[in-house]
Every structure is written in structure tokens, then in C-alpha cells.
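Bear in mind that the values here come from a model prediction, so they are computed numbers and not experimental data. Residues: numbered from 1 along the sequence shown.
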Amino acid sequence: MTRLTGSALRLTVFVGENDTWRRKPLYSEIVHRAHAAGLAGASVFRGIEGFGASSLIHTSRLLSLSEDLPVAVVVVDTEERVRAFLPELDELVTEGMVILDPCEVIRYVGRGADRPGTGAANEAKRQDDPDMKGKK
């Protein structure tokens with residue numbers, strides 16, 4: 001697992017929900033490439049309303065325009081790693097907006113990390129305890 005605390009860089013990619021890359025949702029391709037690049041994490045957020053360079057408002061309130069809602073893909077990692085990932089976006093993002101913001105990571109802990117009662121150290125303790133054999 002990537003360890004990340006302190007100064008970082010947030011990459012946000014704004015695209016349309018219907019934007020695609022080789023018949024796959026563009027936001028999904030960005031997330032998968034970020035994962036393959038070993039970045040700390042990526043999340044996709046679907047907007048309920050917005051407009052971009054086309055000045056056409058997309059909203060979930062009107063059925064005719066609810067097909068292409070705004071989507072934001074957010075990635076946070078060290079500045080070096082995020083900037084190394086930017087050439088991937090040059091290939092993928094032909095419409096939309098890409099922004100970078102400095103940020104500070106206060107806490108970055110994944111599920112199953114070494115929190116009390118979890119992790120490899122506690123698994124070893126469970127195996128030594130006859131009442132806990134085979135329990136997770």
C-alpha cells in the first residue's frame with residue numbers, strides 16, 4: 001500500500017458521463033490507468049448539474065439533458081507521481097478540463113490496514129489463541 005501524508009497534489013479531471021475511450025466510459029479508463037500507474041487512489045464523482053466549455057447546462061432535473069451529466073475524477077498523490085501521470089491524460093481527455101491543486105494529506109488509511117484488531121500482527125496473535133483459531 002502506498003503511504004501518503006503531508007504535501008500532495010490533487011488532480012481533478014472534469015468530463016461528461018457519456019465520454020468514452022474505446023467504447024468504455026472515459027472516467028473508468030482514467031481510474032484504471034491511475035491504478036496501473038500505482039497512484040495512491042482515485043475516485044469518481046457524478047454531478048447533478050453543470051456546464052463546461054460548450055456552455056450547455058446539463059442537469060438531472062431535465063430528462064432530455066440528464067444523459068451526459070458532469071463527472072469529476074479526483075486523484076491525490078505526491079506531486080512527482082501526479083505530474084508523471086499527466087501524459088496519460090493528454091491521450092485520453094480531448095474535451096473537458098484538467099486541474100491541479102496543492103493539498104495536504106492528513107490521513108490515508110485503507111480498509112484492513114494495521115488498525116487495532118486487524119492486520120498481519122493481529123492475525124498472528126489470533127493463530128496463537130486457541131479460542132480464535134480459524135476466526136477472522
What heavy-atom pair brings [X] and [Y] nearest, and what distance separates the two atoms?
X	Y	result
Y108	G41	OH-N, 4.3 Å
R81	D77	NE-OD2, 3.2 Å
V76	A40	O-CB, 3.4 Å
E17	Y27	O-CE2, 3.8 Å

Does the side chain of [X] reach to within under 4.5 Å of the side chain of [Y], using non-hydrogen atoms?
X	Y	answer
T5	I106	no
R83	L100	yes
V75	T12	no
E91	R33	yes
T78	L9	no
L86	E88	no

Identified side-chain contact (heavy atoms from CB on, under 4.5 Å) partner of N18 from the options L26, V71, D68
D68
For E95, give me all partners under salt bridge (charged side-chain N to carboxylate O under 4.0 Å, His left out), at least two apart in sequence or on another chain.
none
Mind checking what makes salt bridge (charged side-chain N to carboxylate O under 4.0 Å, His left out) contact with E104, not counting sequence neighbours?
none
side-chain contact (heavy atoms from CB on, under 4.5 Å) evaluation trace for L11 with V98
CA-CA 7 Å; L11 163 69; V98 177; 3.4 Å; yes
Please say yes or no: joined through hydrophobic side-chain contacts below 4.5 Å, possibly via intermediate residues, are V82 and V31 part of one cluster?
yes
CH2 on W21 to CD on E29, rounded to 0.5 Å:
7.5 Å
Can you tell me how far CD1 of I30 sits from CG of D19, rounded to the nearest 0.5 angstrom?
9.0 Å
Residues two or more places apart in sequence or in another chain: which of them pass side chain to side chain contact (heavy atoms under 4.5 Å, CB included) with P70?
H58
Holding to side chain to side chain contact (heavy atoms under 4.5 Å, CB included), I want the full list of residues that pass it with A37, two or more places apart in sequence or in another chain.
L39, F85
What verdict does the side-chain contact (heavy atoms from CB on, under 4.5 Å) test give for I99 and F14, after you've listed the backbone C-alpha separation in whole Å, the side-chain angles of each residue and the deciding distance to 0.1 Å?
CA-CA 8 Å; I99 63 171; F14 296 95; 3.8 Å; yes
Sorted by chain and residue number, the side-chain hydrogen bond (donor to acceptor under 3.5 Å, both in side chains) partners of S28 (sequence neighbours excluded) come out as H32
Checking H35 now: which residues fulfil side-chain hydrogen bond (donor to acceptor under 3.5 Å, both in side chains) with it, not counting sequence neighbours?
none
Pair E79 + R10, salt bridge at N-O below 4.0 Å
no
